[in-house]
Amino acid sequence: MLRVAEIDRIERTLEEMFPDAFCELIHQNPFELVVAVALSAQATDVLVNQVTPGLFAAYPTPSDLATAPVAAIEEKIKRLGLYRNKAKNIKALAERLITLHEGEVPTDRVGLEALPGVGRKTANVVLSVAFDVPAFAVDTHVERVSKRLGICRWKDNVTQVEATLMKRFKRERWSKLHHQFIFFGRYHCKAQRPNCLECPLLDMCREGKKRTKGTTIPVD
DNA sequence: ATCCCGAGGG
DNA sequence: CCCTCTGGAT
């Protein structure tokens, strides 16, 4: 278990490296956000952003999307992985917004997670980004970074990682930290070839020390 | 635990 | 070629 001082240092370092971390998925409203996040599973947000403008232009409202043929939706998002499931899901999602929520995106966790293609992670993103409800969404980057830095254990599942993050960081910081973890994981502590040699946290990172063992560490 | 599944990097 | 990308449903 990391010391409080180490947790604070991680928080300060991320704030210095990525003071302006934000949600990079293009969206104009909660409807577009929930669809974009649902489409982002196992896909880079760069690719999602190449697809969603055309999708939202063709289907601006839940009603438009709900009445669209699945095949037409598939064609719009074909460049994404898992596109058949995603097309079916977002159509059903739009249908459910109409039938159960008067065409609006629900603002509570239960309503969100009942939407097709929306699980814990997507619900957390929508809650924090669209509705300013404190939540700590754990995706592949957040999980990898948390485990490498030793915030949680390697064997922890996503639920345990989220619980630990919420326990160790202040509630007011959850949403911003989520995006800072994402940026840190995406651009610095990458899955492949992480930039350990230039990492300000290297001296407190077991994984980083392991990876840089035998290599020369620059002493600016 | 397994399936879904395309694009991009190395 | 292999790995990864802001996962979810069964």
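Note on naming: letters A, B, ... go to the chains in the order of the sequence lines (proteins, then strands), and numbering restarts at 1 for each one. Any value given below was found using the heavy atoms of this structure, including those in side chains, with hydrogens, waters and symmetry copies removed.
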If you measure from the Lys or Arg side-chain nitrogens to the Asp or Glu carboxylate oxygens, is any gap between [X] and [Y] under 4.0 Å?
X        : Y         : value
Glu15(A) : Arg173(A) : yes
Glu16(A) : Arg12(A)  : no
Lys78(A) : Glu74(A)  : no

Nearest-angstrom distance from the residue atom [atom1] of [X] to [atom2] of [N]:
X         : N      : atom1 : atom2 : result
Lys76(A)  : dG6(B) : NZ    : P     : 19 Å
Arg79(A)  : dG6(B) : CZ    : C1'   : 9 Å
Tyr187(A) : dG9(B) : OH    : P     : 13 Å
Arg193(A) : dT4(C) : CZ    : P     : 13 Å
Asn49(A)  : dA7(B) : CG    : P     : 16 Å
Leu39(A)  : dG6(B) : CG    : C1'   : 13 Å
Leu80(A)  : dA7(B) : CG    : P     : 9 Å

Practice task
Scan nucleotides 5-10 of chain C nucleotide by nucleotide, 5' to 3', and note B when protein non-hydrogen atoms come under 4.0 Å of the base, S if they reach only the sugar-phosphate, - if neither.
Solution key: BBBSS-

Practice task
Mind checking side-chain contact (heavy atoms from CB on, under 4.5 Å) for Arg153(A) and listing every partner two or more places apart, or none if nothing turns up?
Solution key: Lys155(A), Asp156(A)

Practice task
Describe, in one word, how the ring planes of Phe181(A) and Phe169(A) are oriented to each other, choosing from parallel (under 30°), tilted (30 to 60°) and perpendicular (over 60°).
Solution key: perpendicular

Practice task
Quick one: sort the Phe18(A) and Phe184(A) rings into parallel, tilted or perpendicular, breaks at 30° and 60°.
Solution key: perpendicular

Handout entry: P-based separation of dT6(C) from dC4(B) [nearest Å]
Key = 23 Å

Practice task
Please state the P separation for the pair dC5(B) and dT10(C) - nearest whole angstrom.
Solution key: 15 Å

Practice task
Have a look at Lys86(A) and say if it touches a base, only the backbone sugar-phosphate, or nothing, with a 4.0 Å heavy-atom cut-off.
Solution key: nothing

